[in-house]
Amino acid sequence: MKKTHQRRRRTSTLGLVCFAFALQLLAVSSAKADDGYRLWLRYDPLPANVSKEYRALVTSVVVQGQSQTLDAVRAELVGGLTGLLGGAVPAALKVERDGAVVVGTPSNSPLVDSLDWGRQLAALGPEGFRIRSARVGGHNVTVIASQGEVGALYGAFHFLRLLQTERPINRLDVSERPRLQLRVLNHWDNLDRSVERGYAGRSLWDWDALPQKVDPRLVDYARANASIGINGSVLNNVNSNSKSLGADYLQKTKAIADTFRPYGVRVYLSARFSAPIELDGLKTADPLDPEVAAWWKRKADEIYKLIPDFGGFLVKANSEGQPGPRTYNRDHVDGANMLAAALAPHKGVVIWRAFVYDAKPGYDRAAAAYEQLQPFDGKFAPNVLLQVKNGAIDFQPREPFHPLFGAMPKTQMMLEAQITQEYLGHSNHLVFLAPMWREVLDSDTRVKGKGSTVSKVLDGTLFGQKITGMAGVANTGTDRNWTGHDFGQANWYAFGRLAWNPDAPSKQIADEWIKMTLTREPKALAVVERIMLESRGAVVDYMTPLGLHHIMWGGHHYGPAPWENKFERADWNPVYYHKADAAGLGFDRTATGSNAVAQYSPEVRAVFADPSAVPEKYLLWFQHVPWDRRMSSGRILWDELALHYQRGVDWVRAARKDWDSLSGVIDPERHGAVARKLEIQERDAVAWRDACLLYFQTFSKRPLPRGVEPARKTLEEYKAKSLLQIDSPDH
Ligand code: GCW
């Protein structure tokens with residue numbers, strides 16, 4: 001009896017010691033833990049030797065003038081610099097010593113005005129800025145100046161980025177202006193706070209609590225956007241509910257717009273074409289009906305009374321069941337121009353989506369948007385932009401550039417990129433999307449000779465369009481780290497940087513983001529950068545190599561299902577896209593097939609249609625080729641395909657090892673979270689390889705080449721459950 005008691009006492013002492021130790025551990029690790037909320041605006045202290053140098057150059061923040069935007073500039077700089085330099089950098093009213101950071105516009109800052117930079121600043125526009133090391137009042141200072149307050153804010157973020165990325169700031173002479181005007185996030189957020197294709201929690205907009213209560217998080221959302229130059233946000237899903245345009249919801253939207261305004265983020269709404277019927281009982285939404293046009297005019301007036309800087313309407317018309325002008329036997333121009341007329345007096349724009357395709361038997365979906373819209377070139381009103389997805393199908397891991405780019409020289413065209421990873425492993429896969437967007441932006445349409453790149457179509461260099469822009473379907477939600485996967489933040493960041501400068505290199509974007517967000521330790525930086533830059537190629541390898549596309553599972557598009565053929569619409573089924581048969585694989589879009597290649601300029605068409613010239617990365621997108629077609633490696637198609645899948649799997653395994661090696665460098669919370677996601681990514685990559693190869697093998701009837709691992713499960717097993725139905729730590 002006594003013995004037992006003693007033993008128990010000993011155990012409990014041991015227990016206490018363990019508990020204390022655990023507490024200590026927790027204290028140590030939680031000091032370093034990071035939940036990712038701060039994104040790339042962390043402002044943790046720089047290494048002592050670095051901050052010492054900066055300290056001499058940065059001693060105070062002088063923002064003259066008063067406005068919400070200027071308050072934001074002051075707060076960001078004081079907070080950011082104080083954090084980075086590990087000691088107070090106070091706000092001051094005037095330049096009292098060396099190291100002042102003077103920020104403002106000529107009209108709100110006498111100091112900036114005294115520099116006489118009016119001409120240069122005018123050339124950079126209200127969103128552009130100039131940062132220069134200068135002498136003011138006998139002191140060495142840094143001046144951040146712009147014609148507009150938002151430009152000054154952008155300049156402040158740029159300056160902070162220089163410090164965050166440890167760049168020299170002693171002899172600054174920077175001039176920047178955004179290359180595209182509308183740099184807009186598209187939120188596919190529904191009014192019930194679900195997010196279509198959202199994988200990071202719920203919608204950030206709490207419609208029930210609005211307008212009385214505005215979540216303070218929305219300020220951080222706006223700050224984050226401003227820090228990368230995003231200046232617009234379409235709040236609601238393009239599959240839209242007319243309620244968003246009702247009087248009560250407009251009050252809520254106004255509250256959001258008021259919150260975003262100091263940060264230069266303008267609010268837009270997706271407009272449901274049938275809203276006049278649904279909200280006010282009109283008999284029709286026919287765009288040529290005068291009552292309908294008058295209704296939209298009144299609606300626009302109502303909106304601008306509440307939100308004077310409202311951006312405009314985004315419209316998904318006559319696509320996937322959405323109403324539109326064609327419902328009334330009118331065309332896209334009738335619809336877009338009617339809305340444009342309502343917005344024009346207020347300087348608003350209509351962003352008309354080009355994602356349109358019909359359910360016609362035997363046609364090629366990839367050719368549909370061009371067929372429907374290209375004939376309208378030159379017919380759209382001056383305040384209409386056509387928003388075109390990067391490729392002709394739908395945000396696949398790889399698509400050749402959309403044939404509409406370059407094909408409508410008299411139409412203002414925006415690019416629609418998808419930041420959220422609908423087809424790229426949701427928020428489970430680490431995929432850095434900048435290289436994918438670069439591929440499209442750098443694609444040469446050849447319409448005006450060599451060098452007629454998509455980025456030149458977009459920024460107006462090629463055709464001189466007046467309004468330019470780029471949209472990104474957002475990946476944000478209420479998850480503490482905003483994007484579900486910590487690396488999803490990098491895609492939000494990359495979108496902003498590319499919309500600002502469509503020629504920005506992926507490596508530079510990755511480098512900035514890593515330094516600001518994860519680590520500046522050189523070895524770790526190099527490892528993470530390599531993982532990021534390779535990741536998109538890897539996802540293409542293990543999902544859809546050599547031009548395959550749209551072979552994802554069901555409606556959720558997660559995981560492989562190349563066998564799927566159950567949707568009543570042919571073009572929603574994977575078998576429609578890969579066309580595997582005993583003879584070979586791939587969609588024939590040449591003259592012997594759908595001839596969609598004809599939509600490209602003659603030079604591009606000649607390449608895509610030529611079996612010996614088409615880049616192998618697009619081979620199965622454009623051509624149906626035999627299983628034993630010789631590839632540039634000397635291998636036959638089947639072997640090459642199998643080896644690509646294997647290479648994708650191998651990459652994920654290597655990335656996991658590399659990531660594990662960083663465990664001491666990156667805070668444990670984010671390191672652990674990413675490691676768990678990479679585990680899922682490996683599981684998924686294996687499933688993709690196995691399921692696709694097992695299935696395609698039923699046609700190719702060939703053995704797996706050497707170096708490709710045998711499948712883990714049978715084809716039947718892979719067909720039985722989607723990856724979303726299989727338990728995994730996080731999904
Ligand atoms: O990518 C597809 C998605 C739909 C989306 C549609 C579109 C908003 O599967 O969820 O709807 O495209 O872009 O309109």
Side-chain angles (χ1 to χ4, degrees), residues 34-65 67-93 95 99-104 109 129-133 141-146 149-170 172 174 176 216-230 262-265 482 489 492-493 496-497 500 511-520 667:
D34 194 307
D35 59 16
Y37 181 84
R38 294 177 299 164
L39 298 160
W40 47 88
L41 303 174
R42 292 152 53 79
Y43 306 139
D44 284 342
L46 292 163
N49 58 328
V50 180
S51 57
K52 197 168 148 235
E53 274 184 36
Y54 284 150
R55 278 218 139 261
L57 299 160
V58 176
T59 55
S60 63
V61 173
V62 182
V63 183
Q64 298 178 314
S67 76
Q68 283 187 310
T69 301
L70 293 173
D71 289 348
V73 172
R74 200 178 293 112
E76 200 70 36
L77 282 173
V78 167
L81 295 171
T82 298
L84 286 165
L85 303 186
V89 178
L93 291 174
V95 176
V101 180
V102 179
V103 197
S109 168
F129 56 83
R130 191 167 191 221
I131 307 180
R132 284 200 84 174
S133 307
V141 305
T142 305
V143 180
I144 305 173
S146 171
E149 292 186 356
V150 171
L153 178 65
Y154 290 163
F157 278 116
H158 185 99
F159 182 67
L160 284 163
R161 184 183 306 125
L162 293 176
L163 277 81
Q164 288 171 286
T165 54
E166 300 186 7
R167 304 278 298 279
I169 57 162
N170 53 339
L172 286 174
V174 176
E176 288 250 350
R217 185 165 185 169
L218 298 201
V219 172
D220 288 329
Y221 165 88
R223 275 178 63 226
N225 281 330
S227 75
I228 48 177
I230 291 173
Y263 298 90
V265 179
W482 300 88
Q489 298 180 357
W492 180 7
Y493 183 84
R497 299 295 282 150
W500 181 272
D511 186 81
E512 285 173 9
W513 180 81
I514 299 165
K515 284 182 178 155
M516 296 164 81
T517 314
L518 280 179
T519 177
R520 293 185 208 90
D667 61 278

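FYI, side chains are in, hydrogens and waters are out, and symmetry mates aren't considered; it's all heavy atoms of this structure.
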Shortest non-hydrogen contact between [X] and [Y], atoms and distance:
X: R74; Y: V63; answer: NH2-O, 3.0 Å
X: R161; Y: S227; answer: NH2-O, 2.8 Å
X: Q64; Y: L93; answer: NE2-O, 3.8 Å
X: V73; Y: A156; answer: CG1-CB, 4.1 Å
X: N170; Y: S133; answer: O-OG, 3.1 Å
X: I230; Y: G496; answer: CG1-CA, 3.9 Å

Are the side chains of [Y] and [X] in contact, using a 4.5 Å heavy-atom criterion?
X: L153; Y: L70; result: no
X: T165; Y: D511; result: no
X: P47; Y: E166; result: yes
X: E176; Y: V174; result: yes
X: V102; Y: V95; result: yes
X: I228; Y: W500; result: no

Checking side-chain contact (heavy atoms from CB on, under 4.5 Å) against V58, which of V141, I169, T82, T142 comes through?
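Exactly one candidate clears the test, I169.
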
Of V103, V62, V89, which is the lone residue that meets side-chain contact (heavy atoms from CB on, under 4.5 Å) with L77?
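For L77, the side-chain contact (heavy atoms from CB on, under 4.5 Å) check succeeds only for V103.
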
Using side-chain contact (heavy atoms from CB on, under 4.5 Å) as the criterion, list what pairs up with A145, not counting sequence neighbours.
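Residues passing side-chain contact (heavy atoms from CB on, under 4.5 Å) with A145: V112, W117, L121, V143.
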
Do you see a donor-acceptor pair shorter than 3.5 Å between the side chains of E149 and S67?
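Checked: E149/S67 side chains pair up, N/O donor to acceptor below 3.5 Å.
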
Is the distance between the ring centroids of W492 and W40 under 6.0 Å?
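Between W40 and W492, the centre distance is under 6.0 Å.
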
Could you note down all residue pairs passing salt bridge (charged side-chain N to carboxylate O under 4.0 Å, His left out) where residues 36-45 supplies at least one of them, sequence neighbours left out?
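For residues 36-45, and leaving out neighbouring residues, the salt bridge (charged side-chain N to carboxylate O under 4.0 Å, His left out) pairs sorted by first residue read D34-R38, D34-R42, R38-D44, R42-D44.
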
Does E512 form a side-chain hydrogen bond (donor to acceptor under 3.5 Å, both in side chains) with Y493? I'd like the steps, not just the answer.
CA-CA 10 Å; E512 285 173 9; Y493 183 84; 2.4 Å; yes

Decide side-chain hydrogen bond (donor to acceptor under 3.5 Å, both in side chains) for Y263 and E76; before the verdict, give the C-alpha distance in whole Å, the side-chain angles of both, and the deciding distance to 0.1 Å.
CA-CA 11 Å; Y263 298 90; E76 200 70 36; 6.0 Å; no

Applying ring pair (Phe, Tyr, Trp, His ring centres under 6.0 Å), name anything that partners F159, two or more places apart in sequence or on another chain.
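Counting only residues at least two positions away or on another chain, F159 forms no ring pair (Phe, Tyr, Trp, His ring centres under 6.0 Å).
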
Between R217 and D220 (salt bridge meaning N to carboxylate O under 4.0 Å), is one present in this structure?
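Salt bridge flag = no for D220 with R217.
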
Set out, in order, the CA-CA distance, both residues' side-chain angles and the distance that settles side chain to side chain contact (heavy atoms under 4.5 Å, CB included) for R132 and L172, then state yes or no.
CA-CA 5 Å; R132 284 200 84 174; L172 286 174; 5.8 Å; no

